[in-house]
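For reference, the structure is listed below as structure tokens.
Each ligand, and each atom within it, is numbered from 1 in the order the structure gives.
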Amino acid sequence: RGQRHRDCLKIMAEKIVAVKGMNDILPGDSAHWEWLEGKVRSLMARYAYRNIRTPIVEPTALFVRGLGEVTDIVEKEMYSFTDRLNGEQLTLRPESTAGVVRAVAEHSLLYDGGKRLYYMGPMFRHERPQRGRYRQFHQIGAEALGFGGPEVDAELILLAHALWKSLGLQDVALELNSLGQPAERQAHRAALIAHWELHADCLDEEAQRRLHTNPLRLLDTKNPAMQSAAESAPKLIDFLGEASLAHFNAVRRILDANGVPYQLNPRLVRGMDYYNLTVFEFTTTQLGAQGTLCGGGRYDYLIEQIGGKPAPAVGWALGVERVLDILGAQQLLPGKPALDAYAVVTDVAMLPQVAHTLERLRDLGVSVQMHAATGAGEAMGSMKSQFKKADASGAAFALIFGTDELARGCVTVKSLRDGQGQQVEHELAHVATWAGTLQSTT
Ligand code: ATP
Ligand code: MG
């Protein structure tokens, strides 16, 4: 019995760790996330895009119908489950465009004209975890719904381009293609199947399976044996009609006029079935195999595909982990956030008075970290150990709430950054007159 009890305790004490491929974002890193999100928010505001927040769980059918049955995501990457209460088929969202489109249709958001929207949040795909590829990852996306003209395709590309610029990112290239309209793709598809059939001997198992269901996807192959056949395959651009070409050229002219460089890539097809006309990706050579930072395009048929009133739309999504990764590699991430002051407290009896002063300082916009005891009922620690903590905190000043000072109604403010540790005594009764001297300019 004793042994069994011990075994039991051992099992109970087994450390529980995060799910594979799903990461904690810890302080330090999270500061970078908030910084990036802040940059995005202010940029979105300048382009008149407004925030939308949709559920993380959606009906599975939304993705099966929206993304297409023969796609990597729907075939093998979705976290799907049955709701145990009512048997509904549900899925953790693998991307957000389908959810945004569902919300827009469900709430008839387009009744008074097009909408420009953006979102940020976690997505879930059951992939093999590696650098730049996780099972819970985060996207920031922008979608413009109810606009059919090339100027909105271009606007979204300019928006992403402006984001890289505002972050200072180097080595981001834009690849551009047009997928045309469904009838044009149909004609191209027939030619493509004929081409692949001529090169049947080089097709791998997956390619053979997809040859008739999704021959376009074969162009996106990572299998070297199929590369040369992929390169010589008929190009969709040669099947585009006048209207599609005009749309494409109009997008290009706006990009040209704004000095946005791009590479035409006739093999760029994207992973979801819902795209038509313009598609694009921003890539970098600095992240190894996971070099795509952002991808998007036009999806004029998605809304009706999931049961909404037909309306054109275009959008993109970027991978936050990958963008932060390259920002780090290019040393563009901000340093530790500034802390104005660290409060050193020698006597626990003084805590109510100290806390009151700190609250007033915070009201006045000063950031203050208060020293705190490690355990319940423990002393605050020596002055020496508290000063060590104050130094490590990165604060510009230490506020010394000593017994003598407090008795005089004062606090000593010591500079931690001027190299000399200059000290000034201030009266607590007149916090507002000196609070400003603590505030950093950053
Ligand atoms: P990839 O070809 O790398 O699998 P994708 O075409 O599946 O990308 P999208 O669905 O277009 O990617 O998603 C947009 C962006 O989201 C990608 O360009 C990438 O930056 C990011 N992303 C996609 N999947 C992951 C993932 N599993 N982990 C981290 N980021 C991802
Ligand atoms: Mg993928």
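For the side chain to side chain contact (heavy atoms under 4.5 Å, CB included) with Trp316, the qualifying choice from Val279, Leu159, Thr97 is Leu159, the only one to do so.
Residue Lys222 has no N or O atom closer than 3.5 Å to an N or O atom of ligand 1. No N or O atom of Glu321 sits closer than 3.5 Å to an N or O atom of ligand 1. Looking at ligand 1, you'll find an N or O of Leu293 within less than 3.5 Å of one of its N or O atoms. For Gly319, a nitrogen or oxygen atom sits less than 3.5 Å from a nitrogen or oxygen atom of ligand 1, counting backbone and side chain alike.
For ligand 1, the atoms sitting less than 4.0 Å from at least one non-hydrogen atom of Ala317 are 14 (C), 15 (C), numbered in the order shown with element in parentheses.
Geometrically, Arg322 does not engage Phe137 in a cation-pi contact, judged by NZ or CZ lying under 6.0 Å from the ring centre and within 45° of the ring axis.
For atom 20 (O) of ligand 1, the nearest protein heavy atom (residue, atom name, distance) is Thr292 O, 2.9 Å. Protein heavy atom nearest atom 28 (N) of ligand 1, with residue, atom name and distance: Tyr134 N, 2.9 Å. Closest to atom 6 (O) of ligand 1 among all protein heavy atoms lies Arg270 NH1, 3.8 Å. Here the heavy atom of the protein found nearest to atom 30 (N) of ligand 1 is Phe137 CD1, 3.4 Å. Protein heavy atom at the shortest distance from atom 29 (C) of ligand 1 is Gly132 O, 3.2 Å.
For the residues Arg125, Met123, Glu95, Arg135, the heavy atom positioned nearest atom 9 (P) of ligand 1 is part of Arg125. Nearest to atom 4 (O) of ligand 1 by heavy-atom distance, out of Glu281, Gln136, His138, Arg133, is Arg133.
Comment: Asp204 does not engage Lys222 in a salt bridge, judged by the lack of any side-chain N to carboxylate O separation of less than 4.0 angstrom. Between Glu206 and Lys76 there is a salt bridge, with a side-chain nitrogen of the basic residue lying less than 4.0 Å from a carboxylate oxygen of the acidic one.
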(message) Using the rule given for side chain to side chain contact (heavy atoms under 4.5 Å, CB included), can you reason through Glu75 versus Arg210, listing the C-alpha separation, both sets of side-chain angles and the distance that settles it, and then say yes or no?
(response) CA-CA 12 Å; Glu75 275 189 342; Arg210 286 181 167 180; 3.0 Å; yes
(message) Between Leu158 and Ile254, does the side chain to side chain contact (heavy atoms under 4.5 Å, CB included) criterion hold? Intermediate values first, please.
(response) CA-CA 9 Å; Leu158 290 173; Ile254 296 176; 4.2 Å; yes
(request) Assess whether side chain to side chain contact (heavy atoms under 4.5 Å, CB included) is satisfied between Val368 and Tyr342, documenting all intermediate values. (result) CA-CA 6 Å; Val368 195; Tyr342 189 100; over 6 Å; no
(request) Show your working on side chain to side chain contact (heavy atoms under 4.5 Å, CB included) between Lys115 and Arg50 and close with a plain yes or no. (result) CA-CA 8 Å; Lys115 292 286 172 294; Arg50 294 169 63 195; 5.7 Å; no
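Within the 4.0 Å heavy-atom shell around ligand 1 one finds Glu127. At least one heavy atom of Gln139 sits less than 4.0 Å from an atom of ligand 1.
Taking the six-membered ring for Trp and thresholds of 30 and 60 degrees, Phe282 and Phe280 have ring planes more than 60 degrees apart, a perpendicular arrangement.
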